[in-house]
Amino acid sequence: MSKKNTFSLAIHGGAGVIDKEELSKAERSAIVKDLHASLEAGETVLRNGGSAIEAVCAAVRSLEDSANFNAGKGAVYSRSGKHYLEASVMEGKEHRAGALSNSKHIKNPVDMAKILMERNDIVMLDGEGVDQMAKDYNLPLVENDWFDTPFRAQQWELAKKYAADQTFLDHSNFKKGTVGAVAIDQNGLVAAATSTGGMTNKIDGRIGDTALIGCGTYADNKTCAVSCTGTGEYFIRAVVAATVSHLMEYGGLTFEEAAQKAIDKQADLGGDGGLIAIDSQGKITMPYNSEGMYRGYVTADEKKVYIWNQPE
Ligand code: ASP
């Protein structure tokens, strides 16, 4: 896709049991509004001829800044009541990638993932090391309790009652709201970005798929760009994001077949979640095996936001 003025961008705001009865009208419209704002942030970049990398980062940054999603402000609480953030970015031309886990202070983790990608030396940095590097790059840093929100505090209390000393795998619904974006720009470059606070009540130090290139995020100009959301352990074990690309490149599957197969694979292992993907022609697919997935897309002539099957 190299025709001028053609571009596509898709976003997600997490997958899970999104109960129609439980989601109030006010919550629903706030979420839809934020998804639209994220699409607009990415669209502005792409319409002005900007790169897919800038577009996915702009779209994700906008969702990180909203307390309605589990990324940046509004991130979930860990076992010790802290917020540990993860993010990753990848572009499809030179396969550069940047990723981070267990940041306690970076206000917009996607920006740090992008810096790591652009440095093009190490791919992934964890914990204090990544917070220190963000400081060196003068990125905005905040105290860890800046990420606190009453809604996530309440979820954490519920999760603790449910499984105080177990892993979170049996209450995986207390996490919805990981965010991600995939895009193709007017020059045919594809890129993907994902950002999360992880899983509610996660053991401190746990790393999920969002921080792992190939699992939660992947991009290859030959095939597609992918961003995932769901119970990370299954997405890691099924290497979901790269599998979509590899099934296309080496398995001869169509774009839609490959995306569905990768989602089925983690579902077979017991996982739930979804992905958004864009192929090298600008086509979009967004399969999931959870009850719903906050998502949307924009092309040169269309824009839509979904929670369940019908556009909002
Ligand atoms: N994949 C994220 C994690 O496991 C959570 C999510 O997408 O909801 O950390």
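This is a predicted model, so every value here is computed, not measured. Note that ligands are numbered from 1 as they come in the structure, with each ligand's atoms numbered from 1 the same way.
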Quiz item: Mind checking whether Arg206 has an N or O less than 3.5 Å away from an N or O of ligand 1?
Solution: yes
Quiz item: Taking distance alone, with no angle check, do Gly232 and ligand 1 share an N/O pair under 3.5 Å?
Solution: yes
Quiz item: Considering only heavy atoms from C-beta outward, does the side chain of Ser88 approach that of Thr194 to under 4.5 Å?
Solution: yes
Quiz item: Is the closest heavy-atom distance from Glu233 to ligand 1 below 4.0 Å?
Solution: no
Quiz prompt | Sub-4.0 Å atoms of ligand 1 with respect to non-hydrogen atoms of Gly198 | solution = 9 (O)
Practice problem: Establish, yes or no, whether a centroid distance under 6.0 Å links the rings of His246 and Tyr218. | Solution: yes
Practice problem: Kindly confirm or rule out an N or O of Thr231 lying under 3.5 angstrom from an N or O of ligand 1. | Solution: no
Quiz item: Judging by distance only, is a nitrogen or oxygen of Thr229 under 3.5 angstrom from one on ligand 1?
Solution: yes
Self-check item: Interfacing atoms of ligand 1 (cut-off 4.0 Å, heavy-atom, Asp209)
Solution: 1 (N), 2 (C), 3 (C), 4 (O)
Self-check item: Gln186 side chain to Leu46 backbone, donor-acceptor under 3.5 Å
Solution: yes
Practice problem: Classify the angle between the aromatic ring planes of Tyr294 and Phe69 as parallel (below 30°), tilted (30 to 60°) or perpendicular (above 60°). | Solution: perpendicular
Exercise. Within a distance under 4.0 Å of any heavy atom of Thr210, pick out the atoms of ligand 1 and give their elements.
Key: 1 (N), 2 (C)
Quiz item: Just wondering, do Thr217 and Leu212 contact through their side chains at under 4.5 Å, heavy atoms?
Solution: no
Practice problem: Determine, using heavy atoms of Gly230 and all atoms of ligand 1, whether some pair is separated by less than 4.0 Å. | Solution: yes
Exercise. Check whether any side-chain heavy atom of Leu39 sits under 4.5 Å from a side-chain heavy atom of Leu9, and report yes or no.
Key: yes
Quiz item: Which of the atoms in ligand 1, numbered in the order shown and given with their element, are less than 4.0 Å from a heavy-atom of Met199?
Solution: 4 (O), 5 (C)
Quiz item: How are the rings of Tyr77 and His83 set relative to one another: parallel (under 30°), tilted (30 to 60°) or perpendicular (over 60°)?
Solution: tilted
Quiz item: Is it true that Asp65 and Lys73 make a salt bridge, defined as a side-chain N closer than 4.0 Å to a carboxylate O?
Solution: no
Quiz item: Counting from 1, what ligand 1 atoms have a heavy atom of Thr178 closer than 4.0 Å?
Solution: 2 (C), 5 (C), 6 (C), 7 (O), 8 (O)
